[in-house]
Protein chains: 2
Amino acid sequence: MATVQFSTKDKILGAAEELFAAHGFAGTSLRQVTSRADVNIAAVNYHFGSKENLVNEVFRRRMDQMSAQRSAQLKRALAEHPGEIEPIIAAFVEPALDMAGGRAGSGAFVRVIARAYVEKNDALRKFLSDQYGHVPREFAAALATCLPALGKAELYGRLDFLAGALTYAMADFGLIKRPPGTTEHAHRTRIADELIRFAAAGFRA
Amino acid sequence: MATVQFSTKDKILGAAEELFAAHGFAGTSLRQVTSRADVNIAAVNYHFGSKENLVNEVFRRRMDQMSAQRSAQLKRALAEHPGEIEPIIAAFVEPALDMAGGRAGSGAFVRVIARAYVEKNDALRKFLSDQYGHVPREFAAALATCLPALGKAELYGRLDFLAGALTYAMADFGLIKRPPGTTEHAHRTRIADELIRFAAAGFRA
DNA sequence: GTCTATACGTGGATAGAC
DNA sequence: GTCTATCCACGTATAGAC
């Protein structure tokens, strides 16, 4: 059984992911990253070109994963529960929940995703739209068959409301605190269930 | 008629607000701020202690304004439309809309607030919570009388969903594009109306 | 191709003179 | 209250070793 060899690039990505999750992007220096990864400070610029590009790469890995989960779960929802709204919304919400709860710095990776929108970087937003734009389109199409009375603009608008509520809740921005005696995962699952109910009613309005 | 005298402190605040709105606070250096304000670089640390504290002060002015508008509009809603949900939600949503559309860099202010959360600026988050936490509590109390079946936890959770959807929509994060031929303000007003309908249905779920 | 040592310019912050 | 001078950490760039 061969020992796994981590390349310098992978070590940087792993260390950056952990530190970004714990302290945010502005709060993490490249010197912290390279120190934790046990590589030279110059390696990050050699492999990634800039800090911004490193952030993008860390972000892209998670986004690929979440988008794939969303598409797969949507496909299952349409096959197993045709005509129902809740399973479609669940397919949008739950993969984000998995990502948020999957590690110690809870909610951090939703923050990582949210950053892409906060940055007013038009090139990055175009990249995201080109790369992942098909996913919201799939959801809009799926919801349109359940809600024929809604126009395309209304549908996209409400998907935005859902995405905003989801991001905010999963990133721990809000008022809700986890009750003592419940696990982090149970708490997030409960929030997700409530969001699905809330949004389903909103879409039907 | 006396010429208005701007103190060094006010000149810094004014310059900082413009630059933060345009480039975000990570993208704005204190040297840019003090250069535009035509004051010495050390003045900002003398008057505000740190860049972080300056950020707090700049946003406190706007947040005071928005929170006061929300409270006032909530009071009117309860007096004029007792027992109705939509006017309560409107009292939460519409002051944010005013703030988002009130200046050239549309959505810039909301975006900067969102950035504070994304960047995991815990000090700013605590500051916002301490200073303005009473406002969501007022809204929760108002909604509780309309929706006696909802528990306190559910109520706070749904207010978080509303706040997230609102922030996301006002900061232009989402899919919706302003249709050609409509003004920025008309577009935001339309989004606000749709959010109020969406959220009212969600609260009733 | 990879990686390291090192240097450059800019950032926020501070001490002390006035 | 305000300014000059200075400090140290930061992101980045480059020359050269392996």
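All values below come from the heavy atoms of this structure, side chains included, with hydrogens, waters and symmetry mates left out. Naming convention: chains lettered A, B, ... in sequence-line order (proteins, then strands); numbering from 1 in each chain.
Between B:R204 and B:E86 there is a salt bridge, since at least one side-chain N of the basic residue sits less than 4.0 Å from a carboxylate O of the acidic one. Residues B:R60 and B:E57 are paired through a salt bridge, judged by an N-O separation under 4.0 Å between the basic side chain and the carboxylate.
Note that the CD atom of B:Q69 and the CG atom of B:L97 stand 10.0 Å from one another [nearest 0.5 Å].
Within the 4.5 Å cutoff, no side-chain heavy atoms of A:V58 are placed close to those of A:F48.
For the pair A:N45 CG and C:dA5 C1', the computed distance is 14 Å after rounding to whole Å. Put simply, CG on A:L30 is 15 Å from P on C:dT4, counting in whole angstrom units.
A:F198 and B:F203 have their aromatic ring centers within a separation under 6.0 angstrom.
When every heavy atom of B:I88 is checked against every heavy atom of B:C146, the shortest pair comes out as CD1-SG, 3.8 Å.
Looking only at atom types and distance, the side chain of B:D64 has a donor-acceptor partner in the side chain of B:Y132 under 3.5 Å away.
No option in A:L74, A:L162, A:L195, A:I196 other than A:L162 meets the side-chain contact (heavy atoms from CB on, under 4.5 Å) test with A:F92.
As judged by a 4.0 angstrom heavy-atom cut-off over every strand, B:S7 is placed among residues making no nucleic acid contact.
Protein chain A contacts DNA chain D from D:dC10 to D:dT14, reading 5' to 3' and using non-hydrogen atoms of the protein with a distance under 4.0 Å.
Nearest-nucleotide assignment on DNA chain D puts the 5′-proximal partner with A:Q32, out of A:G49 and A:Q32. With DNA chain C read from its 5' end, the first of the two nearest nucleotides for A:R31 and A:Y46 is the one closest to A:Y46.
Scanning residues 33-43 of chain B for heavy-atom distances under 4.0 Å to DNA chain D yields B:N40, B:A42.
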